Amino acid sequence: MINPKIIRQHPEEVKAKLKTRGVDPKEVDEYIALDEQNRTAIAKVDDLKRQKNELSAQVKAADPKSEKGQALIKQVKKINAETTAVEAEQQEVADQLNYIAVRLPNLPADGIPVGPDEDSNVEVRKWGDIPEFDFTPKAHWEIGENLDILNFERAAKVSGARFVYYKDAGARLERAVYNFMLDLHTEEQGYHEIIPPYLVNAQTMFGTGQFPKFSEDVYTVESTGETLIPTAEVPLTNYYAQEILDEKDLPIYFTAFSPCFRSEAGSAGRDTRGLIRMHQFHKVEMVKFSKPEDSFEELEKMTLDAQEVLKRLGLAHHVIMLSTGDTGFSSAKTYDVEVWMPEQGVYREISSCSDCVDFQARRAMIRYRKEDGTVDYLHTLNGSGLAVGRTVAAILENYQQADGTVKVPDVLVPYMHGATVIK
RNA sequence: GGAGAGUUGGCAGAGUGGUAAUGCACCGGACUCGAAAUCCGUCGAACCGGCUAAUACCGGCGCACGAGUUCGAAUCUCGUACUCUCCUCCA
């Protein structure tokens, strides 16, 4: 949620900024009007309650059974009736206000490109040479099916579209990739390794911003109401929900491997083949809890941490800064890392690193106590480090050889029990 | 799934209808060259509103969460969540 004080104090700026994210300024106007009404009503209710407390104390002093006591009780009852009425009005206003507040996306950070969609994204840096082949490179699904290490047809039979079986060296490669990623994050980059719950409750989904606006994008278990996580960001960020941390403990870095489940509602027809867009996929996630003043720097570091995975795998990639319109709901600033995919000849998203500033912290109530004793919301960040299936796809395509075999990137050889080629 | 117990400030821990004891810690003050010890303190939670330069002041709220009874609820009633113990089941 956006800090309500910012909306109150700088309404025009907020309207302008949210407009770049597709929010109608009228919605902000409505918010401001409701906020004003709400505060007036709260002041009224508080004053009535104050009167009640005063009279109630007098009742005790006077002896409730006395004539005077009975008269006072009559007065209090009257005030209570009025309080109930005003409170009901206030609650209605608060509900309307809340309805808007929880659906407003985060304010975009200063300095990010303004634009309606991905066409306004800006490349910030590039790494690696685009590989050249003396044959026509195949798509990863073709390579995987030919080597009998990926099987989409059987997965379709068993589950449906957008599912896959990994087999033999395919399964081993997937496992090698995420073990390599986790080792890098934990051994060299300072992240705590976590294995989180994969089913979470609705409040948790609200905390990171998936609910209430994006509930159709996820799978919810009918019998219990829990949701299958669409990313480990959800259980990782909510780890400290409703808690107050100590300033001296910040920043805190978490990483977790997990399956991710997404309904992919609205992406019919897109990326229908291969490992790119699945209902179930693996991801190694990074999450940071940071002091507000450090969070943008932490975002830079996190993006480099994600890039490091690709560098060591020798995969060409670039980093782009997302425009206002392309930035996700909870994020103030996002870098996408895109890896080169030879068959299509394009860069494809393999990581997305976001600074959500205090937006999620407000929803999930994650705060920290400063040295001076005051309490404030901290900043949360999240990033993929990386999407495992897409990494496997990139390896298959970038390391494919003319004979249909696939070379194993050097850093993965130990994780592949010494195998240097998948054949 | 069944039975029982529990959930109060940073921690410990009282309080079964009259508006949250006490101890430790913390902070401020006294004492001291300084520290420790000792003593003193409308100290003491998060959150909301008002007024603000303010983390000052005033008020609300506040005893796991939600509802109810009452002039008044930590305390009584109902519901929910979680924790612990035992039974059952189980990878």
Side-chain angles (χ1 to χ4, degrees), chain A residues 1-10 31-98 100-102 195-207 211 221 223-227 235 238-250 259 289 291-293 358 360-378:
Chain A
M1 261 169 331
I2 300 172
N3 184 350
K5 283 192 183 134
I6 293 180
I7 306 182
R8 265 175 227 157
Q9 289 165 6
H10 310 283
Y31 173 100
I32 291 164
L34 287 166
D35 181 53
E36 185 68 43
Q37 272 185 59
N38 187 41
R39 282 185 294 148
T40 308
I42 286 172
K44 217 164 154 186
V45 170
D46 282 356
D47 188 58
L48 286 166
K49 285 187 175 172
R50 183 187 54 75
Q51 290 179 43
K52 181 199 78 174
N53 287 341
E54 276 170 15
L55 289 171
S56 220
Q58 287 178 37
V59 170
K60 186 202 172 192
D63 175 13
K65 293 196 179 66
S66 69
E67 203 172 308
K68 191 180 170 200
Q70 286 299 313
L72 284 166
I73 286 171
K74 234 176 171 173
Q75 271 189 65
V76 178
K77 280 187 172 176
K78 209 174 141 194
I79 289 173
N80 280 346
E82 195 183 343
T83 306
T84 306
V86 179
E87 218 164 12
E89 283 172 42
Q90 184 266 324
Q91 190 57 50
E92 201 175 313
V93 173
D95 287 347
Q96 289 177 43
L97 177 65
N98 192 250
I100 296 174
V102 301
I195 299 179
Y198 301 150
L199 283 168
V200 296
N201 58 33
Q203 194 190 350
T204 301
M205 290 292 283
F206 176 81
F211 281 5
V221 178
S223 55
T224 62
E226 286 140 356
T227 297
N238 280 283
Y239 184 89
Y240 289 120
Q242 286 113 49
E243 295 190 33
I244 300 174
L245 310 184
D246 271 331
E247 177 168 13
K248 63 172 165 34
D249 295 329
L250 298 176
F289 303 89
K291 287 193 260 183
E293 60 269 31
D358 61 351
Q360 293 181 323
R362 280 177 193 282
R363 298 170 81 98
M365 294 281 285
I366 310 171
R367 291 165 292 175
Y368 76 110
R369 195 179 302 277
K370 299 190 221 174
E371 301 291 350
D372 66 7
T374 58
V375 172
D376 199 4
Y377 293 98
L378 48 70

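These values consider heavy atoms only, across backbone and side chains, with no hydrogens, waters or symmetry-generated copies. Order of the sequence lines sets the chain letters (A, B, ...), proteins ahead of strands, with each chain counted from 1. These figures come from a predicted structure and were not determined experimentally.
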Contact under 4.0 Å: [X] side-chain N or O vs [N] OP1/OP2:
| X | N | value |
| --- | --- | --- |
| A/Asn53 | B/C61 | yes |
| A/Asn80 | B/U70 | no |
| A/Lys60 | B/G72 | no |
| A/Arg369 | B/A46 | yes |
| A/Arg367 | B/C47 | yes |
| A/Arg39 | B/G50 | yes |
| A/Arg8 | B/G49 | yes |

Taking atom types as they are modelled, is there a donor-acceptor pair under 3.5 Å from the base of B/G49 to the side chain of A/Asp46? no

Measure CG/A/Leu97 against C1'/B/C48 and give the value in whole Å, please. 13 Å

Euclidean distance, atom CD1 of residue A/Ile244 to atom C1' of B/C11 [Å, nearest integer]: 15 Å

Between atom CG of A/Leu250 and atom CZ of A/Arg369, what is the distance when rounded to the nearest 0.5 Å?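 Rounded to the nearest 0.5 Å, the CG-CZ separation comes to 13.0 Å.
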
Please give the distance between the C1' atoms of B/A67 and B/A73 as a whole number of Å. 13 Å

Determine whether the side chains of A/Asn201 and A/Thr204 contain a donor N or O and an acceptor N or O closer than 3.5 Å. yes

